[in-house]
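Lettering follows sequence order; numbering is per chain, from 1.
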Amino acid sequence: MSLPFIHRSAMLCRGFRASLNLYDHTTTIRLRTLCSSVGEANTGILQSTEEYKFVERLIPPSRVPIPPKHDGPSPSGWTPPSEVPPALPYMIRRSRMHNVPVYTDLTHGSRKTTLVRKVEGDIWALEKDVKEYLQQLTGKDLPTQVNEVTMTLRVKGHFDTELKEWLVEKGF
Amino acid sequence: MSFTRKPGGKALDILQNLPRISLANLRPEPGTKKAEKKRGRGQHGGNRSGRGHKGERQRGNRPRLGFEGGQTPFYLAIPKYGYNEGHSRRAQYQPLTLNRLQYLIDLGRVDPTQPIDLTQLVNGRGVTIQPQKRDYGVQLVGEGAGIFAAKVNIEVQMASEEAIAAIERNGGMVTTGFYDPRSLAVLCKPVPFFISGQPIPKRMLPGEDMVTYYTDATNRGYLADPEKIQKARIALARKYGYVLPDISKDELFHMLSMVKNPRQIFFGLSPGWVVNMAEKKILKPTDDKLLQYYSS
């Protein structure tokens, strides 16, 4: 009765097509009656530990897995952080899902800001570098806000893709 | 390198040296607060106070919203049509882009060396399925077909043609399978189901409306003829202009050709079995009638 898995070449679907035409539900036997007899005697049940490995595959992992090694960017565009942290006065850690912590925000329906989180070290040096980089990109001097308590940097406008690429290029 | 800084940084240094903040030495940034125009208080807030000249406008007696002076209003002139009728009872399929699938594989959240199932996608937190909200599973969408480069054996509930082409071009296999709501709930959250002690139910076959979808080889339906599926693979390769790789010569051919029985929910586990997670055992029935029921 065990049907672990079947291969395409061996599957006969004609039987199943025939069963599709049968709409009479012949027997609906409840397994509850069998459960009640379990307490009395284990005669009607087979126990096995061999197929338990299939159950272990179904259990969800409780921790975020470590990404496998890639040489440079992966096909989806994800780039691992560089082995050696860059020699800069600040550090931007990856999020727990191994992504660059740059996020866009939209308040009041039209107020666009970009948030850089998880900054460590000299946040004012980061602010200077970000302003310089965005000045080159857009030609505008964009307002920024540094929060030294939460160690975050907010920039006016949506620049998440640009800042992510820039940070990845630096090796964060 | 680890940076140790005093929390608050330069702002805290400044604050400690400035006088105490109070209402007397706080003021908003010039230009942020614009004075409100107070109506009915002289010069340009006064006279008619922004109400116009006589009539319903000034007297505050305008008719209800949508009234067009007696002409049949727009919202009554247009006839009714059931565009949204029964919208809350329609089947929904959560989209899964090839971009996202590639991202999950790259980050190691989904294992391409094992057949990819809805359980594997949910365990990797790739998709969120709510069986109680009329979700019937996941649909594979072709966005990201250009960058997709993984050889996988994936089982979804619906798939677009471009997505099937992209997966088969990389030497993978796609199957579309139907899960009734109860089986879907079991598939998405297997651990609470095993803990409940119920036997694994058998998967029901699709209803009349979906049978044609799942028996069609172009959709790689699980009820379709395998020979027709092979022909459809060749036809799709010709249509999209790629060489169909021969997976029978692949080292992972055994894994790629793994397919579930139409009545089976999990790989390796048959309907009717009870899983005991505390003792890591599986209990199987031996009664003839039960075996006949579960294998029908």
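Contacts between residues 118-125 of chain B and chain A, counted as heavy-atom pairs separated by less than 4.5 Å, involve B:Thr119, B:Gln120, B:Asn123, B:Arg125. Using a 4.5 Å cut-off between non-hydrogen atoms, the part of residues 93-106 of chain A that approaches chain B consists of A:Met97, A:Asn99. Contacts from residues 123-145 of chain A to chain B, taken as heavy-atom pairs separated by less than 4.5 Å, involve A:Trp124 in sequence order. Proximity to chain B at a heavy-atom threshold of 4.5 Å picks out nothing from residues 162-170 of chain A.
What you find for B:Lys281 and A:Tyr52 is that their closest heavy atoms are N-CD1, 4.0 Å. Between B:Asn99 and A:Ser76, the shortest heavy-atom contact is O-CB, 4.3 Å. Annotation for A:Glu148 and B:Gly8: closest pair OE1-O, 2.8 Å, computed over non-hydrogen atoms. For the residue pair A:Pro68 and B:Ile105, the shortest heavy atom distance occurs at CG-O, 4.5 Å.
Only the side chain of B:Phe194 comes within contact range of chain A, with heavy atoms under 4.5 Å apart. With a 4.5 Å cut-off on non-hydrogen atoms, A:Glu50 does not touch chain B at all. Heavy atoms closer than 4.5 Å to chain A are found nowhere in B:Glu279, neither backbone nor side chain.
Heavy-atom contacts from other residues, nucleotides or ligands closer than 6.0 Å to CD1 of A:Ile66 number 12 or fewer. Under a cut-off of 6.0 angstrom, the local environment of NZ in A:Lys156 is sparse, with at most 12 non-hydrogen atoms contributed by other residues, nucleotides or ligands. Atom CD of B:Glu143 has 12 or fewer heavy atoms from other residues, nucleotides or ligands within 6.0 Å. Around the CG atom of B:Leu18, the shell of radius 6.0 Å holds more than 12 heavy atoms that belong to other residues, nucleotides or ligands.
Residue B:Asp106 forms a side chain to side chain contact (heavy atoms under 4.5 Å, CB included) with just one option from A:Pro80, A:Pro75, A:Pro67, and that option is A:Pro75.
Between chain B and the residues A:Ser74, A:Gly77, A:Pro65, A:Pro60, the largest count of heavy-atom pairs under 4.5 Å involves A:Pro60.
Looking at heavy atoms from C-beta onward, A:Val146 lies out of side-chain contact with B:Lys10 at the 4.5 angstrom threshold.
Summarising the geometry, atom CD1 belonging to A:Ile45 is positioned 13.5 Å from atom CD1 belonging to B:Ile282; distances are rounded to the nearest 0.5 Å. How far CH2 of B:Trp273 is from CD of A:Glu51: 4.0 Å, rounded to the nearest 0.5 Å. Atoms NZ and NZ, on A:Lys53 and B:Lys280 in that order, are 14.5 Å from each other to the nearest 0.5 Å.
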Worked check of side chain to side chain contact (heavy atoms under 4.5 Å, CB included) between A:Gln47 and B:Asn276: CA-CA 10 Å; A:Gln47 295 200 18; B:Asn276 184 345; over 6 Å; no

